[in-house]
Protein chains: 2
Amino acid sequence: MKKGRVTIIDIARELSIAPSTVSRALKDHPALKKETKDAVRALAKKLDYQPNLLALNLLQKKSNTIGVIVPEITSHFFSAIITGIQDVIGDSEYNIMICLSNESYEEEAVIIKKLLKIQVDGVLVSPTSETKNFDHFRTLQKNDIPVVVFDRDCPGLEADKVLVDDYAGAFQAVEYLIKSGCTKIAHLGGPLNLSTTKHRLQGYLDALENADIPIRKEYIEHVPGFSHDDGLKPAERLLKLEDLPDAIFAMNDNIAISAMHIARKMALKIPDDISIVGFDDEPHSSYFRPSLSTVWQPVYSLGMLSARIILHRLNDKGPQKNFRQEVFKPELVLRASSRECASRKNDKVKL
Amino acid sequence: MKKGRVTIIDIARELSIAPSTVSRALKDHPALKKETKDAVRALAKKLDYQPNLLALNLLQKKSNTIGVIVPEITSHFFSAIITGIQDVIGDSEYNIMICLSNESYEEEAVIIKKLLKIQVDGVLVSPTSETKNFDHFRTLQKNDIPVVVFDRDCPGLEADKVLVDDYAGAFQAVEYLIKSGCTKIAHLGGPLNLSTTKHRLQGYLDALENADIPIRKEYIEHVPGFSHDDGLKPAERLLKLEDLPDAIFAMNDNIAISAMHIARKMALKIPDDISIVGFDDEPHSSYFRPSLSTVWQPVYSLGMLSARIILHRLNDKGPQKNFRQEVFKPELVLRASSRECASRKNDKVKL
DNA sequence: TTGTACGCGTTATCAT
DNA sequence: ATGATAACGCGTACAA
């Protein structure tokens, strides 16, 4: 006969006790007779009682939801991070709400407002490539909503951060190219505003400088976005230079693949004429021909750690301080798109 | 001085009127003096009043949330669908909650319980490859939660459905292979339980039968999952047969890539010795060498339509009936991994 | 050991 | 035109 779902009031009425007693029984309150507890629990199970989270949310002024803001999910990179986040938060009391900013600062700002509106308890965010101002994240913090930044840094923002040592990854990659005999190494960088772009560029520059190789401006191009298509024109510019590069270190695998595509079109042999190294180690990268050398990032772990950190913040209340900054080490994965290096011939080569 | 956020009570007190009046003013109730309306609105703006959705949720017994259940998001296929869903629902009053079932029936069932608990208003779902029983979806429906099934069908379940004509896609692909001169066409199918697997298999079978080509059992293999690695062994089995196939129609692009990989290892020329056709048209598929012929699916539209349908259901209450079944047409995309076909030489070829 | 009463923020219904 | 009150479901301080 009852229309809606059963409530503690229904149970109370049935048992001729007070709703508060039912509430206490369900929460295993110490000062309760075993009998009543058992009776309540039995009936609750029988009636398939489900606590109304909506009521709890209002009472506790929290939504039990964690917002996750990412620029996109169609790349393996972010979708793997999200999978890591899910796997950690799925076991907790929290729900996660994934929001796509589409690499647009404006959309990101709108999302923040929405998350504020629904009273999220915490936010995990990887900012867009347009984001230079972080005040919208600070707004969250002022509302006592902890923020964890992952992968893409927000310089100057005080928050927990889970990053990747892009500098080291780039340095390692370029250093390897140099050791393998390349001297004219070009770089296909990402959108300039991004911390990852900057750090990878710096790693590239320092590796060259470290080997006393002069830096040539015309060997550095920046792509407008992260898809294959975004890489075509910049790659073409590099490969149309009079003094052809003998190696390209690309911002990510997609761009590296674009470069490979252009190189092949121009009948260049990879890696004999030109070595190509990417970044990200997307699952299909090892299936290209030649298989793509790249820099692997611990994406899944990155997602999991970010999630754990925010859960921790949410559990131990109090003022937000002592922010953590965790930095994962990426790993160079050598495959067939880069020349072999005499001094490292004995290294294991992942295939 | 106020600790929490401003409420209509704060506004009411400040203006010495009743909270209900404030509520009405904010909702533009017709029977209200312009003066009071304006005063309320002005103060609301000044105080940056934000309605407390948590309270509304309790009152309306709904969470304003739509659950989206997908097996995974690391493939471009599902992540693009989700992007479509987001783009539609983002403009509405609803939030979306993405849940990953990891191709596990058990996890799927757990997710349903969770969504029930948080009182989602509707659910979009693409079932796992293990899911044979749909009672958990029916449970949602019994709780007046509309369900929209997308991409992967749930035979026997009465619900709105947004599908792809996998049969036609497969038929077309295999028909093309036949026209291009292949006679020994093998199939790398997906997990057998899946509707998409069944329909693509049937399309394959019918296309052969239609051309009076006998069906050979040893030419049909099924992969356990959808990743590259899952395709390696089945592909190897096919290519170790004494009577080698001269074409492979694969369940998806990943598997097709695996087959290409194995074929190359065995020094087979593609497409001269063997044609390979995939399904999905992942963004990187055109960058392989040879570029992969495949079947394109309107993933983004599929996501958008699914979202629109559930929004429509949510708006127009009433008993759930007259379920819609929308079927998108996939498109064969010819590239370099399949032989050219004399009779279709004039067709445009997407690259 | 258990019941009573109130509050969380909002809206709808009934008064006025 | 607007105020008062109840209700959504639960937890908890206080009372008994």
task = Mind jotting down which residue pairs meet the ring-ring contact (aromatic ring centres under 6.0 Å, His included) criterion with at least one end in residues 96-121 of chain B? Sequence neighbours excluded, please.
result = B/Tyr105-B/His136

query = Taking only residues two or more places apart in sequence or in another chain, which ones pass salt bridge (charged side-chain N to carboxylate O under 4.0 Å, His left out) with A/Lys161?
reply = A/Asp153

note = Of all heavy-atom pairs linking A/Thr128 and A/Leu194, the shortest is O-CD1, 3.8 Å

key: Pairs flagged by ring-ring contact (aromatic ring centres under 6.0 Å, His included) wherever residues 11-64 of chain A is involved - sequence neighbours left out   = none

request  = May I ask you to list the residues of residues 115-123 of chain A, by number, that have any heavy atom positioned under 4.0 Å from an atom of DNA chain C?
outcome  = none

task = Measure across B/Cys99 and B/Ile111 and return the closest heavy-atom pair with its distance rounded to 0.1 Å.
result = CB-CG2, 3.6 Å

ask   = What are the bounds, 5' to 3', of the part of DNA chain D that sits under 4.0 Å from heavy atoms of chain B?
value = D/dA1 to D/dG9

ask   = Counting distance only, does the side-chain N/O of B/Asn193 pair as donor-acceptor with the main-chain N or O of B/Ser129 below 3.5 Å?
value = yes

remark   = Residues A/Gly156 and A/Arg138: closest non-hydrogen pair is O-NH2, 3.4 Å

Salt-bridge contact B/Glu103-B/Arg152 (side-chain N to carboxylate O under 4.0 Å) = yes

ask   = Using a heavy-atom distance cut-off of less than 4.0 Å, which residues of residues 28-36 of chain B contact DNA chain D?
value = B/Ala31, B/Leu32, B/Lys33, B/Thr36

request  = Verify, without hydrogens or angle tests, whether A/Ser126 (side chain) and A/Phe150 (backbone) share a donor-acceptor contact under 3.5 angstrom.
outcome  = yes

ask   = Taking all non-hydrogen atoms of both residues, which atom of B/Lys62 and which atom of A/Leu54 are closest, and how far apart?
value = N-CD2, 3.7 Å

ask   = C/dA12, C/dG9, C/dT10: which one has an atom nearest the side-chain heavy atoms of B/Ile8?
value = C/dT10

Report all interatomic pairs (protein N or O, nucleotide N or O of nucleotides 14-16 of chain C) with separations under 3.5 Å.
none

Distance-only donor-acceptor hits, side chain of residues 11-27 of chain A, under 3.5 Å, sequence neighbours excluded:
residue: A/Arg13; atom: NH2; partner: A/Asp10; partner atom: OD1; Å: 3.0
residue: A/Ser20; atom: OG; partner: A/Arg24; partner atom: NH2; Å: 3.2

message = Can you list, in residue-number order, the parts of residues 11-23 of chain A that come under 4.0 Å of DNA chain D, counting heavy atoms only?
response = A/Ser20, A/Ser23

task = Give a yes-or-no answer on whether the side chains of B/Glu108 and B/Thr131 include a donor-acceptor pair shorter than 3.5 Å.
result = yes

ask   = Under 4.0 angstrom, heavy atoms only, what part of the nucleic acid is B/Leu56 near: base, sugar-phosphate, or nothing?
value = sugar-phosphate

Sequence neighbours excluded, every pair satisfying salt bridge (Lys or Arg N to Asp or Glu O under 4.0 Å) that has a member inside residues 41-61 of chain B = B/Asp28-B/Arg41

task = Mind checking side-chain hydrogen bond (donor to acceptor under 3.5 Å, both in side chains) for A/Arg308 and listing every partner two or more places apart, or none if nothing turns up?
result = none

request  = Kindly calculate the angle separating the two end axes of the helix from C/dT1-D/dA16 to C/dT16-D/dA1, each obtained from five base pairs, and round it to 10 degrees.
outcome  = 50°

query = Are any side-chain N or O atoms of B/Ser79 and backbone N or O atoms of B/Ser75, one a donor and one an acceptor, separated by less than 3.5 Å?
reply = yes

